[in-house]
Amino acid sequence: LQVKLGEAYLTLLTLPWGTQLKLGFMRNRFGLLNEVHQHDLPQPDRPNVLVNFFGEEGLVESGMELTWVPPLPFYLELLGGVFDGDNDVAFGRGDLRNPMWTGRVRTFFELGDYDALQLGASVTTGQTSDRLQNTIFGLDAKYKHTPEGWRHALLTAGGEALWGWRKNRVTS
């Protein structure tokens, strides 16, 4: 029998300047689906693109995330994080002296009374176990249609695209 910790974190909701801080061992808020546990996904399996970039468990790290929603006439969320980079598929250093950095920007638009669109962009960068730089960018979008009088969306459609730039050592 093997027991593994899924997440353990503390969230400080009311910090100065409208910021929030999340500290501990957590699923990083990279894209739409990385922060969702396997049993809560809207489909049976984690998408292959996320598995190929981050492994079966996704990007789960120890560290902290700072979030800020500036006082604007529209919703905009800005997020930055510092983590140990322990993910053996994407990074593998597992060391806060050479941290993995994350960033995310997300916005939300209501498209009339029944439709909404969320757009986001994410980035993470850190060192691999070979001490080489790895940077991953992501774009995501989610659309929801909720007919009048419905409590839940009738239609939800979303997608993510990821790109990676990884240095490799070439020997002959």
Side-chain angles (χ1 to χ4, degrees), residues 2-43 46-47 49-110 116-129 133-142 144 153 156 158-164:
Q2 180 181 0
V3 177
K4 187 173 179 183
L5 181 65
E7 287 186 280
Y9 58 84
L10 170 69
T11 304
L12 304 172
L13 299 173
T14 55
L15 296 176
W17 307 291
T19 60
Q20 295 181 356
L21 186 66
K22 189 174 177 183
L23 306 152
F25 180 67
M26 68 194 91
R27 302 190 68 78
N28 297 77
R29 289 183 274 182
F30 185 100
L32 290 174
L33 294 176
N34 184 70
E35 70 178 306
V36 179
H37 288 269
Q38 182 73 27
H39 60 272
D40 289 328
L41 287 171
Q43 69 273 342
R46 192 163 297 281
V49 67
L50 291 177
V51 172
N52 290 339
F53 275 90
F54 301 127
E56 288 292 331
E57 290 297 315
L59 195 56
V60 184
E61 303 286 334
S62 294
M64 64 180 168
E65 288 180 337
L66 182 68
T67 307
W68 181 49
V69 178
L72 298 170
F74 60 93
Y75 180 79
L76 183 69
E77 178 185 64
L78 304 168
L79 180 143
V82 180
F83 295 92
D84 63 0
D86 196 28
N87 181 290
D88 58 351
V89 174
F91 302 103
R93 282 301 297 270
D95 182 0
L96 281 173
R97 288 174 291 191
N98 296 294
M100 179 192 86
W101 298 89
T102 62
R104 177 153 173 78
V105 60
R106 180 172 65 165
T107 189
F108 178 84
F109 302 101
E110 289 186 359
L117 179 66
Q118 175 185 300
L119 301 171
S122 303
V123 64
T124 184
T125 187
Q127 289 186 353
T128 66
S129 57
Q133 198 66 27
N134 187 20
T135 302
I136 301 167
F137 294 96
L139 295 174
D140 58 84
K142 181 166 53 171
K144 283 190 176 188
T156 301
E160 296 185 60
L162 276 66
W163 296 269

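Keep in mind that this is a model prediction, so the values were computed, not measured. Computed over heavy atoms, backbone and side chain alike; hydrogens, waters and symmetry mates excluded.
Side-chain atoms of T19 do not come within 3.5 Å of backbone N or O of T67 as any donor-acceptor pair. Judged by distance alone, the side chain of E61 and the main-chain N or O of G85 form a donor-acceptor pair under 3.5 Å. Side-chain atoms of T124 do not come within 3.5 Å of backbone N or O of I136 as any donor-acceptor pair. For the pair N87 (side chain) and G58 (backbone), a donor-acceptor distance under 3.5 Å is present. With hydrogens and angles ignored, the 3.5 Å screen pairs no side-chain donor or acceptor of T102 with any backbone N or O of G80.
With a 4.5 Å cut-off on side-chain heavy atoms, L21 and M64 count as touching. Residues Q127 and Q133 have side chains in contact (heavy-atom distance under 4.5 Å, counting atoms from C-beta outward). The closest side-chain heavy-atom distance from R29 to R106 is not below 4.5 Å. Residues W68 and L66 are not in side-chain contact: their nearest non-hydrogen atoms beyond the backbone lie 4.5 Å or more apart. Looking only at side-chain heavy atoms (C-beta outward), W163 and L139 come within less than 4.5 Å of each other. Looking only at side-chain heavy atoms (C-beta outward), N28 and R104 stay at 4.5 Å or farther from each other. Side-chain contact between V49 and E160 is absent, with no heavy-atom pair separated by less than 4.5 Å. Using a 4.5 Å heavy-atom threshold, the side chains of P42 and L33 count as touching.
Of the inter-residue distances, the one linking F83 atom CZ with M26 atom CE reads 4.5 Å to the nearest 0.5 angstrom. Atoms CG and NZ, from L117 and K142 in turn, are 11.0 Å apart once rounded to the nearest 0.5 Å. In this structure, the separation between OG1 on T128 and CG on D88 is 11.5 Å, given to the nearest 0.5 Å. Of the inter-residue distances, the one linking L13 atom CG with T11 atom OG1 reads 6.0 Å to the nearest 0.5 angstrom. The line from CG of L50 to CG of L162 is 6.0 Å long, rounded to the nearest 0.5 Å. Separating the CE atom in M100 from the CG atom in D84 is a distance of 7.5 Å, to the nearest 0.5 Å.
In this structure, F25 and S62 approach most closely via the heavy-atom pair CD1-OG, 3.4 Å. Minimum interatomic distance between G92 and S129 (heavy atoms only, all atoms of both residues): O-CB, 3.9 Å. Nearest heavy atoms, R27 versus E35: CD-O, 3.6 Å. Between G31 and S122, the closest heavy-atom pair is N-OG, 3.0 Å. The nearest pair of heavy atoms linking V82 to P99 is CG1-CB, 3.6 Å.
When each of W101, F137, F54 is checked for a ring pair (Phe, Tyr, Trp, His ring centres under 6.0 Å) with F30, only F54 meets the rule.
Dense packing is recorded around CD of Q38, with more than 12 heavy atoms of other residues, nucleotides or ligands lying under 6.0 Å away. When the shell of 6.0 Å around OH of Y9 is examined, it contains 12 or fewer heavy atoms from other residues, nucleotides or ligands. Shown here is Q43, whose CD atom has more than 12 heavy atoms of other residues, nucleotides or ligands within 6.0 Å.
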Next item on the list: Evaluate the criterion side-chain contact (heavy atoms from CB on, under 4.5 Å) for residue pair F109 and L119; output intermediate values, then yes/no.
Entry: CA-CA 8 Å; F109 302 101; L119 301 171; 4.0 Å; yes
